[in-house]
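Let me begin by presenting the structure, written as C-alpha cells, before commenting on it.
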Amino acid sequence: RYFEGDLKRALAICEAVLQVRPKDQKIRAVAGAAACKLRLRPAAQRHHCYLGASRRLMHQRVCAKHGVKVSSKACSKASR
C-alpha cells in the first residue's frame, strides 16, 4: 500500500504487523516513512526509536524532507 500512495492504510497495516513482529526492521522502516509523509511526528518518532542505527539516518532524511523532525536523542534506552 505504501508504494501505491495509500499511506494511512500502509501505516495501519505495518502497525498491525508490528504487534506480532515488533523487531521487523523492514516493516518498522516503512511505518516510519509513512508516518513522516503523513506528518505524524509522534508516530514517526516512535518508529525512529526502534530502528537500527543504519536505518535511523535514512529515516531522519525522509522525515526532514517532509518537514518532520525526529531525533535519536529523544529515544529512551528502553526502546533501543
Side-chain angles (χ1 to χ4, degrees):
R1 297 290 174 195
Y2 176 84
F3 294 108
E4 296 169 7
D6 190 352
L7 299 174
K8 287 182 182 180
R9 180 109 169 99
L11 181 57
I13 290 169
C14 287
E15 290 186 340
V17 171
L18 288 167
Q19 293 294 313
V20 179
R21 299 188 336 232
K23 295 184 180 187
D24 189 315
Q25 291 287 290
K26 289 180 184 177
I27 298 295
R28 181 78 61 188
V30 172
C36 288
K37 289 181 177 187
L38 290 166
R39 293 181 173 84
L40 300 174
R41 190 194 175 283
Q45 181 63 53
R46 183 178 67 251
H47 292 298
H48 179 77
C49 289
Y50 284 96
L51 289 170
S54 63
R55 291 182 191 260
R56 280 187 181 187
L57 182 58
M58 176 207 59
H59 185 245
Q60 281 178 310
R61 289 178 181 159
V62 169
C63 288
K65 182 178 177 181
H66 295 281
V68 177
K69 182 172 171 60
V70 293
S71 170
S72 295
K73 292 179 182 178
C75 303
S76 70
K77 289 183 180 179
S79 66
R80 293 183 190 168

Practice prompt. Could you walk me through whether Lys69 and Cys63 pass side-chain contact (heavy atoms from CB on, under 4.5 Å), step by step?
Written response: CA-CA 6 Å; Lys69 182 172 171 60; Cys63 288; over 6 Å; no

Fill in: Trace of the side-chain contact (heavy atoms from CB on, under 4.5 Å) decision for Arg28 with Asp24
CA-CA 6 Å; Arg28 181 78 61 188; Asp24 189 315; over 6 Å; no

Discussion item. Evaluate His47 against Leu11 for side-chain contact (heavy atoms from CB on, under 4.5 Å), listing each step before the verdict.
Written reply: CA-CA 11 Å; His47 292 298; Leu11 181 57; 4.2 Å; yes

Which atoms form the tightest heavy-atom contact between [X] and [Y], and what is the distance?
{"X": "Tyr50", "Y": "Arg56", "result": "N-NH2, 4.4 Å"}
{"X": "Cys36", "Y": "Ala44", "result": "SG-CB, 3.6 Å"}
{"X": "Cys14", "Y": "Ile27", "result": "O-CG2, 3.6 Å"}
{"X": "Gln60", "Y": "Ser72", "result": "NE2-N, 4.3 Å"}
{"X": "Leu7", "Y": "Ala34", "result": "O-CB, 4.0 Å"}
{"X": "His59", "Y": "Val70", "result": "ND1-CG2, 4.0 Å"}

Item to complete: Verify, without hydrogens or angle tests, whether Gln25 (side chain) and Gly52 (backbone) share a donor-acceptor contact under 3.5 angstrom.
Response: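 Yes, Gln25 side chain to Gly52 backbone: donor-acceptor pair under 3.5 Å.
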
Discussion item. Using 0.5 Å steps for rounding, measure from the NE2 atom of His48 to the CZ atom of Arg41.
Written reply: 9.5 Å

